[in-house]
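Since the structure comes first, as structure tokens, the remarks are kept for the end.
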Amino acid sequence: MESGRIDVSSLDGPFDLQSTLESGQTYLWERADGDDYVDSAAYGGDAWYETVLPPTPELTDRPTVVRARQRGGVDERRSSADRTQSDHVDDGTIEWEAGAVPADAGAADAPAAPTEPVDGEAILTHLLRLDDDLAAIYDALDDLSLLSRAFDRYRGMRLIRDPPFPCLISFICSAQMRVSRIFGMQHALREHYGTPVDLDGRTLYAYPTPEALAARTEDELRELSLGYRAPYVQRTAEMVADGEARPEDARGLPYEEARDAATQFVGVGDKVADCVLLFSLGYLQAIPLDTWIQTAIGDYFPDCDGGNYAETSRAIRERLGADLPEREEVFGESGADAYAGYAQTYVFHHLRTDGD
DNA sequence: TATCCAAGGTAAGTT
DNA sequence: AACTTACCTTGGATA
């Protein structure tokens with residue numbers, strides 16, 4: 001395993017590892033010292049977070065272990081009630097360890113070790129969107145009171161860039177589910193059908209490949225408590241494994257076309273499609289209209305309720321993305337109204353966590 | 001201890 | 001196209 005550190009002060013704007021990984025954007029990381037999945041309410045201090053990337057186009061071609069923790073001044077965050085901005089979010093350090101499983105390793109039974117060095121800083125920068133200019137995003141949106149409060153409370157939370165297939169499956173599982181249980185489902189999928197990797201005597205599991213999930217039966221997946229999502233997961237995995245479609249094929253299409261393209265997968269409607277676009281494919285203008293956000297729109301932007309998903313989506317994107325300065329420089333890859341997804345993520349986490 | 005209910009929706013069947 | 005309904009499972013609330 002290679003190791004290294006990233007100084008938060010070298011980034012454009014703050015960074016907070018815990019809120020980034022525990023805000024319900026991603027279900028692919030686990031806290032290493034926890035006996036529970038990541039959503040545990042108890043704060044884990046400066047704990048390590050771990051993920052095992054399956055072979056992922058444009059990122060890694062081998063199962064790759066990535067670990068990260070953030071250090072510096074975390075104690076004051078223990079009490080959420082009087083939590084304020086803390087030093088580590090602006091001046092802390094992200095420590096990382098990363099390694100890939102060699103192609104010729106692990107013949108049969110024994111899990112292979114991630115002995116091949118990889119560039120952990122580049123991978124983390126990608127996965128945790130350390131390349132976004134978060135300070136500029138705050139500046140642009142801070143005049144909206146709801147957002148201002150959420151920005152302050154979860155200062156440093158960034159959007160995620162999950163690998164496409166695991167993101168797709170985990171949000172298919174999210175339908176009518178609590179965040180804590182979505183973590184549990186993904187944990188079960190990894191442990192049952194993921195490639196095992198040995199890390200210093202512990203066994204970690206990569207997210208299952210499309211082929212691995214396509215080979216399961218609906219009943220087998222129901223045994224993991226997926227409920228009615230089991231056939232959705234199996235059939236969508238089959239579509240990807242058979243080469244019929246891949247979630248990343250939507251990349252490059254105009255936003256609304258990309259959303260339509262993503263809904264071809266079984267179990268994927270507009271909301272889950274928006275999640276994949278936002279949390280994996282870099283469409284920062286996507287706002288998944290879940291129950292929390294629908295409520296917030298009713299409370300704060302009632303005129304944006306267009307009566308159906310497509311119209312409400314268009315209205316709220318315009319409201320949160322319109323007339324903002326410098327967006328071309330901040331979001332070269334995404335273009336206009338690209339702040340909307342950041343706003344959504346803060347509002348979702350704020351409402352869900354603080355019961356506002 | 002038993003029962004009820006809602007949880008980051010979607011697909012399929014009716015008007 | 002807009003509107004209904006069924007769908008698995010389970011932790012937490014209520015009786």
Side-chain angles (χ1 to χ4, degrees), chain A residues 19-28 36-42 150 154 157 159-160 162 166-189 192 216-239 245 247 256 259-280 283 286-299 305-314 316 340-356:
Chain A
S19 58
T20 298
L21 294 182
E22 298 192 19
S23 50
Q25 304 180 58
T26 176
Y27 300 95
L28 307 180
D36 206 343
Y37 34 80
V38 175
D39 190 50
S40 166
Y154 298 104
M157 182 170 70
L159 279 172
I160 205 83
D162 273 347
C167 182
L168 176 65
I169 297 298
S170 54
F171 278 94
I172 287 173
C173 292
S174 77
Q176 290 291 101
M177 271 296 136
R178 284 186 183 82
V179 165
S180 60
R181 286 206 55 215
I182 304 169
F183 276 109
M185 290 180 182
Q186 308 320 304
H187 181 86
L189 285 172
H192 284 264
R216 298 349 300 174
T217 64
E218 173 182 334
D219 284 346
E220 286 177 309
L221 296 177
R222 279 180 184 267
E223 285 174 18
L224 304 185
S225 298
L226 296 197
Y228 62 76
R229 303 154 197 81
Y232 299 166
V233 168
Q234 193 279 329
R235 292 173 61 192
T236 287
E238 203 164 52
M239 290 173 73
E256 291 187 345
R259 192 180 64 198
D260 287 344
T263 60
Q264 73 183 289
F265 296 103
V266 183
V268 179
D270 287 332
K271 187 271 175 183
V272 169
D274 265 336
C275 288
V276 175
L277 262 53
L278 178 61
F279 300 133
S280 178
Y283 286 83
I287 300 188
L289 299 181
D290 55 62
T291 53
W292 296 94
I293 296 300
Q294 302 264 22
T295 300
I297 289 174
D299 290 347
D305 184 354
N308 60 60
Y309 194 100
E311 288 308 315
T312 304
S313 170
R314 193 168 303 159
I316 193 66
Y342 258 101
Q344 182 275 350
T345 297
Y346 275 85
V347 169
F348 171 77
H349 191 46
H350 180 51
L351 295 182
R352 190 180 68 81
T353 308
D354 300 331
D356 204 23

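Within every chain, numbering begins at 1; the chains are lettered A, B, ... in the order of the sequence lines, protein sequences first and strands thereafter.
A gap of 23 Å separates the P atoms of C/dT10 and B/dA11, to the nearest Å.
Non-hydrogen atoms lying under 4.0 Å from DNA chain C are contributed by nothing in residues 265-276 of chain A. Heavy-atom distances under 4.0 Å link DNA chain B to A/Tyr232 of residues 231-238 of chain A, given in residue order.
Across all strands, A/Arg229 comes closer than 4.0 Å to base atoms (heavy-atom distances). A/Gln344 comes within 4.0 angstrom of a nucleotide base, judged by non-hydrogen atoms across all strands.
For A/Arg178, there are no salt bridge (Lys or Arg N to Asp or Glu O under 4.0 Å) partners at least two apart in sequence or on another chain. Applying the ring-ring contact (aromatic ring centres under 6.0 Å, His included) criterion to A/Phe279, with sequence neighbours excluded, gives A/Phe171.
Remark: the A/Arg181 side chain and the C/dT9 base include a donor-acceptor N/O pair separated by less than 3.5 Å. Taking only distance into account, the side chain of A/Tyr228 meets the base of B/dG9 through a donor-acceptor pair shorter than 3.5 Å.
A/Asp162 and A/Tyr27 are not linked by any side-chain donor-acceptor pair at a separation below 3.5 angstrom, with hydrogens and angles left out of the test.
Ion pairing between A/Glu238 and A/Arg235 fails under the 4.0 Å rule for side-chain N and carboxylate O.
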Name every donor-acceptor pair, under 3.5 Å, that has one atom in a side chain of residues 221-231 of chain A and the other anywhere in the protein, sequence neighbours excluded.
| unit_1 | atom_1 | unit_2 | atom_2 | d |
| --- | --- | --- | --- | --- |
| A/Arg222 | NE | A/Glu218 | OE2 | 2.8 |
| A/Arg222 | NH2 | A/Glu218 | OE2 | 3.0 |
| A/Arg229 | NE | A/Cys173 | O | 3.4 |
| A/Arg229 | NE | A/Ala175 | O | 2.9 |
| A/Arg229 | NH1 | A/Leu226 | O | 2.9 |
| A/Arg229 | NH2 | A/Ala175 | O | 2.7 |

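Checking B/dG9, C/dA2, C/dT9 against the side-chain heavy atoms of A/Asn308 singles out C/dA2 as nearest.
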Can you run through DNA chain B from 5' to 3' and write each base as (, ), [, ], | or . depending on how it pairs? Watson-Crick or G-U wobble, both distances under 3.5 Å. |||||||.|||||||

